[in-house]
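Throughout, a chain's letter reflects where its sequence line sits, starting with A, and its residues are numbered from 1.
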Amino acid sequence: MLDIKLIREQPDYVKTKIAQTGADPGDIDRVLEADARRRRLQHELDEMRARRTRESKELGKATPEERDRKRAEMRQLGEQISAGERDLAALEEENTRLLLMLPNLPRDWVPVGKDDSENRIVRTEGVEREFTFEPKPHWELGERLGIIDFERGVKLSGTRFHFLVGMGARLERALIAWMLDLKTQEQGYLEFAPPLMVNTATVIGSAHLPKFEDTMYRDKEEDFWFVPTAEVPLTNLYAREILEAERLPIYMTAYTPCFRREKMSAGRDVRGIKRGHQFDKVEMVKVVHPATSDEELDKLVENACEVCRRLKIPFRVVQMCTGDLGFSAAGKYDVEMYAPGVREWLEVSSCSNCWDFQARRAQIRFREKGGKPEFVHTLNGSGLGLPRTLIAVLENYQNDDGSITVPEVLRPYMGGVERITRA
RNA sequence: GGAGAGGUGGCCGAGUGGUCGAAGGCACCAGAUUGCUAAUCUGGCGUACUGGGCAACCGGUACCGAGGGUUCGAAUCCCUCCCUCUCCGCCA
């Protein structure tokens, strides 16, 4: 959520920035108009209420004759106030609705561009492996090894579902455990196992609602939303709290399944395990002091890169332009691993600095000693997404006989297994 | 799911229709004092919106789990919901 005061004071700046994201700057005028009406009414209402309080107190001491006359008058005032309160509530709702639909503003250092074609490759690391044979896509490798079962996934759940089997399941579990150990033991993150179903307020807090309602699964009767990412519960951990400044920065990590409808992506990436309705992910979330969030973003990206580096898989860092930031990021970098089987750079991590955008929605604040509460900045990034990391591992580590060499760092997590072969 | 108890400021805890944004205590901050390491005294100490000074401030309004209702007026009475605790039932 944007700061309404910023919109009031610098509407032209905000419009310029909004336009850079591809959103409609006309929304700003609608917000301003609604805000002006709300303030006007609030002021009138405040004055009526002040009068009621004042005169009600006097009424208690009035003479009996006066009392009846005054009481009728006050009753009328009370009705006016009630009507005003109803109108105000409606205006506030309208106001909030408009504000919740506005995207975050890009930072000034974000390159201006209209869509993903104008993103910038910041750097590339590692060398692409040279194959003496034609590298196969992971779905072929997985099926032949019997470690991915697509048919039965479809049988049980439908398209975009699969089973990991035997060493396939174990390989994913090894990746998760290894990543979490890296996060918690070397990169300073505290591990969580959060709720996977959360209420509406929580999803509004992370800015996945109200705009992306149709991308999530929910239980309407119970007011539960299935988390589309651990970012939702982790970012909201300190919702409606005021933290002491010394506690910042806070680094959190969690492995969770993620649930997404993927309605918008129907027909895209249908082959293999790249995009499903359910997938596993190790997520990183930071709650930081506003003065440090830009450098914290760099460190976050680096934390994601380190996973690729240790797996010895080539990767690159891509900076999103203003038109490809998404709804809540003020600045964003993707980390992409190269997968030789599908001949594609796969987005395995997306690291965002959300600035105070989520903090305002979730009301996450901090206070310097003796100071006023201020909003924190929140960041999030995958560390990494499992299906795509698994794809990259399978495809980069495949051998000409269709077996998979287990990356060295994972072997301690695989009971020492060095090679996955057909069972 | 059933029965009972309860939800007040960072914490503990008063308050049952007006003088309560809310006693008192603890914690915390500032100052004073004592020279013996901690105690004493004084003062301050919620959040949001809003008006003015457009800064350290001053005023208005709202908030005592949430939402409705009664009333001239509600933390205080009524209704609904949520949550916590205890007991029972059920179940991974």
Side-chain angles (χ1 to χ4, degrees), chain A residues 1-11 31-100 193 195-205 218-226 233 236-248 250 257 287 356-376:
Chain A
M1 193 154 65
L2 299 181
D3 183 0
I4 184 64
K5 285 176 187 154
L6 177 70
I7 298 175
R8 285 205 290 253
E9 285 159 21
Q10 302 184 54
V31 166
L32 282 170
E33 195 190 322
D35 176 56
R37 280 191 300 170
R38 196 218 88 223
R39 278 200 293 169
R40 211 176 305 130
L41 180 58
Q42 170 118 56
H43 190 70
E44 289 170 17
L45 197 55
D46 281 356
E47 292 193 331
M48 283 194 280
R49 286 198 278 219
R51 191 180 141 213
R52 176 175 67 182
T53 307
R54 204 180 328 114
E55 299 192 11
S56 281
K57 279 178 189 169
E58 287 165 11
L59 201 151
K61 302 168 200 154
T63 61
E65 310 87 76
E66 273 177 346
R67 204 170 284 175
D68 287 339
R69 189 177 51 76
K70 201 73 179 162
R71 196 172 272 161
E73 198 183 315
M74 285 291 95
R75 177 191 285 271
Q76 207 177 12
L77 179 62
E79 278 161 13
Q80 277 179 48
I81 290 174
S82 294
E85 282 171 341
R86 271 191 295 277
D87 291 347
L88 184 66
L91 277 179
E92 276 173 347
E93 203 181 309
E94 168 74 356
N95 244 321
T96 309
R97 195 180 62 78
L98 289 170
L99 274 176
L100 287 177
L196 304 180
M197 294 148 82
V198 296
N199 59 31
T200 300
T202 302
V203 189
I204 289 173
R218 77 187 293 194
D219 176 345
K220 199 164 185 172
E221 203 175 329
E222 302 278 0
D223 186 29
F224 284 142
W225 299 80
F226 287 58
N236 278 281
L237 187 71
Y238 296 110
R240 298 176 290 285
E241 294 186 30
I242 300 175
L243 304 162
E244 287 169 26
E246 303 84 72
R247 292 190 58 186
L248 305 178
I250 295 166
V287 172
D356 61 4
F357 190 73
Q358 294 176 319
R360 278 181 194 284
R361 290 170 167 249
Q363 293 176 65
I364 311 163
R365 291 173 290 175
F366 76 99
R367 177 171 20 216
E368 308 273 9
K369 56 179 190 301
K372 291 247 175 250
E374 283 181 69
F375 290 107
V376 299

Original post:
Side chains of A/Thr200 and A/Asp223: is there a donor and an acceptor less than 3.5 Å apart?
Top reply: yes
Subject >> Rounded C1' spacing from B/A23 to B/U16 in Å >> reply: 15 Å
Subject >> Backbone of A/Glu92 reached by a side-chain donor or acceptor of A/Thr96 within 3.5 Å >> reply: yes
Subject >> Shortest non-hydrogen contact between A/Pro257 and A/Leu196, atoms and distance >> reply: CD-CD1, 3.9 Å
Original post:
Which whole number of Å gives the distance between the P atom of B/G18 and that of B/C78?
Top reply: 16 Å
Original post:
Between B/G25 and B/C79, how far is it from one P atom to the other, in whole Å?
Top reply: 36 Å
Polar atoms only, N or O, under 3.5 Å: list the protein pairs with nucleotides 46-48 of chain B and their distances.
from: B/U47; atom 1: OP1; to: A/Arg367; atom 2: NH1; distance (Å): 2.5
from: B/U47; atom 1: O3'; to: A/Arg365; atom 2: NH1; distance (Å): 2.9
from: B/A48; atom 1: OP1; to: A/Arg365; atom 2: NH1; distance (Å): 2.9

Subject >> N/O (side chain, A/Arg75) to phosphate O (OP1/OP2, B/C72) under 4.0 Å >> reply: yes
Original post:
Taking atom CZ of A/Arg37 and atom CG of A/Leu88, what is their separation to the nearest 0.5 Å?
Top reply: 11.5 Å
Original post:
When you compare B/C26 with B/G51, how far apart are their C1' atoms, in angstrom units rounded to a whole number?
Top reply: 37 Å
**OP:** Calculate the interatomic distance between A/Glu79 atom CD and B/G69 atom P; express it in whole Å.
**Re:** 12 Å
Subject >> Contacts of A/Ala201 that satisfy side chain to side chain contact (heavy atoms under 4.5 Å, CB included) - sequence neighbours left out >> reply: A/Asn199
Subject >> B/U8 versus B/A75 - spacing of their P atoms, nearest Å >> reply: 16 Å
**OP:** Any pair with a residue in residues 78-90 of chain A that passes side-chain hydrogen bond (donor to acceptor under 3.5 Å, both in side chains), sequence neighbours left out, goes on the list, sorted by first then second residue, please.
**Re:** A/Arg49-A/Glu85
**OP:** Would you kindly give the CZ-to-P distance between A/Arg247 and B/G10, to the nearest whole Å?
**Re:** 15 Å
Subject >> Length of the line joining A/Asn199:CG and B/A66:C1', which is rounded to integer Å >> reply: 13 Å
Original post:
Atom CD of A/Gln363 and atom C1' of B/C49: how far apart are they, to the nearest Å?
Top reply: 12 Å
Original post:
What would the secondary structure line of RNA chain B be in dot-bracket form, counting Watson-Crick and G-U wobble pairs under 3.5 Å, with [ ] for pairs that cross earlier ones and | for pairs with another strand?
Top reply: ((((((((.[[[..)..(.....]]].(((((.......))))).(((((((....))))))).[[[[[..)....]]]]])))))))....
Subject >> Heavy-atom neighbours of A/Arg240 CZ exceed 12 at 6.0 Å >> reply: no
**OP:** Could I get the full list of side chain to side chain contact (heavy atoms under 4.5 Å, CB included) partners for A/Glu47, not counting sequence neighbours?
**Re:** A/His43
Original post:
For atom P, what is the distance between B/A66 and B/U71, given to the nearest Å?
Top reply: 23 Å
Subject >> Within-4.5 Å side-chain heavy-atom neighbours: A/Asp356 and A/Val376 >> reply: no
Original post:
What's the NZ-C1' distance between A/Lys5 and B/C49, to the nearest Å?
Top reply: 8 Å
Subject >> B/G65 to B/A5 separation - C1' atoms, rounded to the nearest Å >> reply: 16 Å
Original post:
Tell me: CZ of A/Arg240 to C1' of B/G65, nearest whole Å?
Top reply: 12 Å
Original post:
So, the side chain of A/Arg361 versus the backbone of A/Leu100: is there a donor-acceptor pair under 3.5 Å, distance only?
Top reply: yes
Original post:
Over how many whole Å does the gap from A/Leu88 atom CG to B/G60 atom C1' extend?
Top reply: 15 Å
**OP:** Please work out which residues in residues 37-47 of chain A have a non-hydrogen atom less than 4.0 Å from an atom of RNA chain B and list them by number.
**Re:** A/Arg38, A/Arg39, A/Gln42, A/His43, A/Asp46
**OP:** Give the rounded distance in Å between these two atoms: CD of A/Glu92 and C1' of B/U50.
**Re:** 12 Å
